[in-house]
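Scroll down for the structure; my scribbles are underneath it.
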Amino acid sequence: MHRFIMSGFGGQGVMSMGMMLAYAGMLEGKEVTWLPSYGPEMRGGTANCHVIVSHKPISSPIIQKATDVIAMNLPSLTKFESFLEKNGHLFVNSSLIDIPPSRDDILGYYLKANDIAIKLKNTKVVNMVMLGAVIEKTKVVSLDSLGAVVKKMFGENKKEVIPVNLQALKEGAGLI
């Protein structure tokens, strides 16, 4: 069972990242939950979601101890680092966060996600860079399943953004 907490400022794509992970798990026939939480402001406020992907039934969508935390900004790191279980994975957007974790019993991955998104000429794919890295490290779902979700979610109306999102996933996976 993988228990993810994904957090960042509203507008960083945290909810989309969690929803895509949950959908990819569903495509693979796994049990999933997705629990969004928004701060009082939408864009610019704090947003996080809990995602659980498992081969067994899930009793609650609320996460007390996470196997993986994705921190897209410093307030997210500060708030959710303590939720990680021992030897859990901490994925940090080091384009925005330049401090090390306060714990030495977790595995940290510092990824310059914003820098890669800028290289790809689309700053909206920062979340996809992070998600690609998370999937590569955890193997909770396949990149192929996630690619299928990207194509379905963007669909015909936004088909022009599908290639850059798929490239961002690959770039993120390449960071691990």
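Nothing fancy with the numbering, it's 1 onward along the sequence.
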Look at the side chain of [X] and the backbone N and O of [Y], then say whether any donor-acceptor pair between them is shorter than 3.5 Å.
X: Thr78; Y: Leu74; value: yes
X: Arg3; Y: Gln64; value: no
X: His50; Y: Ile63; value: yes
X: Ser95; Y: Asp115; value: yes
X: Ser7; Y: Asn48; value: no

Grab the two heavy atoms, one from [X] and one from [Y], that are nearest each other, plus how far apart they are.
X: Met15; Y: Ser37; value: CE-O, 3.2 Å
X: Ala133; Y: Phe91; value: O-CE2, 4.1 Å
X: Ala117; Y: Val125; value: CB-CG2, 3.9 Å
X: Ser16; Y: Asn127; value: CB-ND2, 4.0 Å
X: Val150; Y: Met20; value: CG2-SD, 4.1 Å

Got a sec: does the [atom1] of [X] have more than 12 other heavy atoms crowding it under 6.0 Å?
X: Asp104; atom1: CG; result: no
X: Phe80; atom1: CZ; result: yes
X: Lys151; atom1: NZ; result: no

(request) Give a yes or no on whether the ring-centroid distance for Tyr109 and His89 is below 6.0 angstrom. (result)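 Distance test on ring centres: under 6.0 Å, yes.
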(request) Start with the C-alpha gap between Glu31 and Ile52, add the side-chain angles, then the distance that decides, and say whether side chain to side chain contact (heavy atoms under 4.5 Å, CB included) holds. (result) CA-CA 8 Å; Glu31 301 288 326; Ile52 302 174; over 6 Å; no
Does the side chain of [Y] come within less than 4.5 Å of [X]'s, by heavy atoms?
X: Asn114; Y: Ile116; answer: no
X: Leu131; Y: Ile135; answer: yes
X: Asn165; Y: Asn122; answer: no
X: Val126; Y: Asn93; answer: yes
X: Lys119; Y: Glu171; answer: yes
X: Phe4; Y: Val140; answer: yes

(message) Among Val32, Val149, Val141, Leu146, exactly one meets side-chain contact (heavy atoms from CB on, under 4.5 Å) together with Tyr23. Which residue is that?
(response)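 That would be Val149.
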(request) Let me see the working for His2 and Asp68 under side chain to side chain contact (heavy atoms under 4.5 Å, CB included), right down to the final yes or no. (result) CA-CA 7 Å; His2 290 269; Asp68 305 271; 3.7 Å; yes
Between the side chains of [X] and [Y], is a donor N or O closer than 3.5 angstrom to an acceptor N or O?
X: Ser145; Y: Glu28; answer: yes
X: Asn87; Y: Asp105; answer: no
X: Ser102; Y: Glu81; answer: yes

(request) Would you check, one step at a time, whether the test side chain to side chain contact (heavy atoms under 4.5 Å, CB included) holds for Leu35 with Val51? (result) CA-CA 6 Å; Leu35 181 64; Val51 178; over 6 Å; no
